Amino acid sequence: MARLRVPAQALRNFLSILLGFALGGINNLFVLPWAFEDDLGSWGLVRIAAAWAMIFGPLLAFGAPSAFNRFKGTFTTEGKLPELYTTLLAPPLVLFLGLVALPALVIPESVADVLGLEGENRKAVWPIALLSGITGLQIYFSGFLSSRLKTSLATFARETFFKFGYLALAVALGLGWLGQAAFLPAFVGLYLVVLTLLIAQSLANRFTITPKRIQNRTLSREIRKYGGTLIIGSSAWMILGQIDIIMIGRCMGLEHVPAYTIAAFIAAVAQVPYRSFTRLLQPLIASALHAKDERETWRLMGMTHRSMLLISGWILACIWVCIPELDQLLPAAFKGLGTVIAVVGLIKVLQSASMGSSMLLGQSDHYQKTVWINWMMVILAIPLNLWFIPDSGLGLGLVGAALATLIAVGLAVTLRQIIVWKVWRVFVPDLGTLRILLVIVAPAILINLWHPVGIAMGFILLKSSLVTAWLTFATMRLNLAPEVVNIATERLNKMRGIK
């Protein structure tokens with residue numbers, strides 16, 4: 001039954017995230033530059049605050065989303081799920097109070113130094129602390145809903161509703177209804193509203209906690225060990241995902257962060273498929289591993305790799321061929337970001353195509369092997385940023401930050417695949433991977449050489465349509481991703497009333 005619900009939920013998630021990106025595009029490309037036109041540094045502060053929250057939030061969650069899926073089978077069999085939920089909720093609360101709230105209250109100046117905040121921005125310590133705590137709880141409750149394959153409303157809340165609220169705040173700021181000093185607190189309030197929606201949906205899906213402790217001490221220690229080890233590794237990955245923004249703020253100044261934010265936002269559209277399916281894939285892989293169903297495990301791995309590479313690659317190809325036209329639509333202060341967009345887009349495609357291997361290792365008994373990989377990449381990314389970004393180094397600026405992350409992510413993906421090969425003797429990329437890459441890259445290069453003169457939006461639609469038509473034909477003709485074709489055919493037949 002779970003498998004039957006997956007395509008429909010994946011489609012709803014895709015539409016929610018796509019709508020969120022559309023709202024975010026309007027906000028990032030037009031509304032926010034207008035609202036903060038007199039002080040881009042304040043916009044940079046909001047972005048930096050969100051980046052720190054995205055680093056601290058997963059740390060506070062303490063591996064709860066993965067633990068929900070990994071241990072759900074065991075606790076379901078014993079009829080003790082509330083004990084699991086309570087056990088996984090305790091670390092986020094304790095860590096927030098001890099490591100975030102208390103330092104922000106007692107030594108705010110020292111915390112501001114660590115966060116790299118200067119001048120008036122040092123007052124943002126508490127908003128960042130609150131954002132981190134709220135983000136940790138959002139991750140916890142999203143993980144609970146994912147373990148129950150109830151992802152659609154959670155995705156809508158975190159992607160669409162949040163982006164709409166952010167847009168509304170930006171409009172209010174631009175019209176003078178909201179002062180700049182009140183913007184960051186209002187931003188924190190928006191995070192809190194989203195958390196409230198997630199809690200409400202979790203309660204509607206039988207989320208309960210109990211004062212009873214897990215009696216099996218061996219299992220309790222295993223949960224703690226799993227959560228602790230996983231968060232050590234995943235926290236490094238989250239740092240790697242935000243280090244470019246933070247290093248730009250430190251090496252170039254907060255006023256340069258909005259430009260990189262816009263480039264990263266455009267490129268992040270290529271990761272919509274990943275974000276649509278990731279919350280569904282994790283419980284499916286966990287279930288297959290719990291049942292020791294190797295056939296289902298590798299079916300999921302192959303399907304995920306092919307479909308994510310094809311769909312994410314298609315989106316990036318559409319973006320890449322339209323970079324000259326996109327440049328015409330961007331505000332004057334944010335032109336010339338084509339190379340940054342392309343490099344960040346490659347990062348998103350790499351992450352999407354390797355999603356299955358990452359989740360397989362995270363849900364298996366070999367999860368500890370990824371920890372050293374992630375931290376090695378963080379250790380590598382920091383000096384690369386310090387070398388690539390500033391004028392005292394290579395002076396590549398924003399491009400340097402993107403390249404540093406691309407190198408680190410590329411090495412991490414390669415090393416994880418080597419571990420999969422050593423453990424299971426399966427190499428997920430195959431000849432089909434090369435076929436998909438050739439089908440995507442060859443026409444994209446040709447179309448990218450065409451620079452027509454005229455209405456930018458019109459040529460964006462034309463170029464994207466050409467890429468889409470070619471990839472649709474090639475996918476059907478060469479059977480590049482059978483699962484994608486089957487799902488699309490079924491949905492089309494259903495719309496036509498054909499059984």
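Note that the numbering runs from 1 along the sequence shown for the chain. Computed from a predicted structure; not experimentally measured.
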What are the two closest heavy atoms between [X] and [Y], and how far apart are they?
X: Phe459; Y: Gly454; result: CE1-CA, 3.6 Å
X: Val428; Y: Ser357; result: CG2-OG, 3.9 Å
X: Leu190; Y: Tyr166; result: CD2-N, 3.3 Å
X: Ser354; Y: Arg416; result: OG-NH2, 4.0 Å
X: Val344; Y: Ala264; result: CG1-CA, 4.1 Å
X: Cys322; Y: Lys463; result: SG-CB, 3.8 Å

Check against side chain to side chain contact (heavy atoms under 4.5 Å, CB included), Trp470 and Val439: CA-CA 8 Å; Trp470 160 251; Val439 165; 3.6 Å; yes
Ring-ring centroid check Trp52 Phe56, cutoff 6.0 Å: yes
Test of ring centre spacing under 6.0 Å for Phe68 and Tyr140: yes
Exam field: side chain [X] to backbone [Y], donor-acceptor pair closer than 3.5 Å:
X: Ser312; Y: Leu309; value: no
X: Lys163; Y: Phe21; value: no
X: Thr468; Y: Ser464; value: yes
X: Asn28; Y: Gly24; value: yes
X: Asp327; Y: Gly336; value: yes

Is there a side-chain contact between [X] and [Y], using heavy atoms and a 4.5 Å cut-off?
X: Pro65; Y: Ile139; value: yes
X: Leu360; Y: Leu300; value: no
X: Ile389; Y: Arg250; value: no
X: Leu117; Y: Ile128; value: yes

Under 6.0 Å from the [atom1] atom of [X], do we count more than 12 heavy atoms belonging to anything else shown?
X: Phe164; atom1: CZ; result: no
X: Leu431; atom1: CG; result: no
X: Trp387; atom1: CH2; result: no

Roughly how far apart are [X] [atom1] and [Y] [atom2], rounded to 0.5 Å?
X: Met355; Y: Met308; atom1: CE; atom2: CE; result: 4.5 Å
X: Arg122; Y: Asp113; atom1: CZ; atom2: CG; result: 4.5 Å
X: Arg47; Y: Gln242; atom1: CZ; atom2: CD; result: 5.5 Å
X: Tyr260; Y: Ile341; atom1: OH; atom2: CD1; result: 11.0 Å
X: Thr261; Y: His256; atom1: OG1; atom2: NE2; result: 12.5 Å
X: Ser142; Y: Leu137; atom1: OG; atom2: CG; result: 10.5 Å

Residue pair Lys348, Tyr274: steps toward the side chain to side chain contact (heavy atoms under 4.5 Å, CB included) verdict: CA-CA 9 Å; Lys348 304 305 181 185; Tyr274 170 93; over 6 Å; no
Geometric class of the Phe183/Phe187 ring pair [parallel <30°, tilted 30-60°, perpendicular >60°]: parallel
Aromatic plane relationship, Phe36 with Trp43 - under 30° parallel, 30 to 60° tilted, over 60° perpendicular: parallel
Criterion side chain to side chain contact (heavy atoms under 4.5 Å, CB included) on Ile319 and Leu326, from CA distance to verdict: CA-CA 8 Å; Ile319 294 171; Leu326 288 171; 4.2 Å; yes
Candidate pair Leu480 and Arg306, rule side chain to side chain contact (heavy atoms under 4.5 Å, CB included), full reasoning: CA-CA 8 Å; Leu480 296 177; Arg306 288 187 298 271; over 6 Å; no
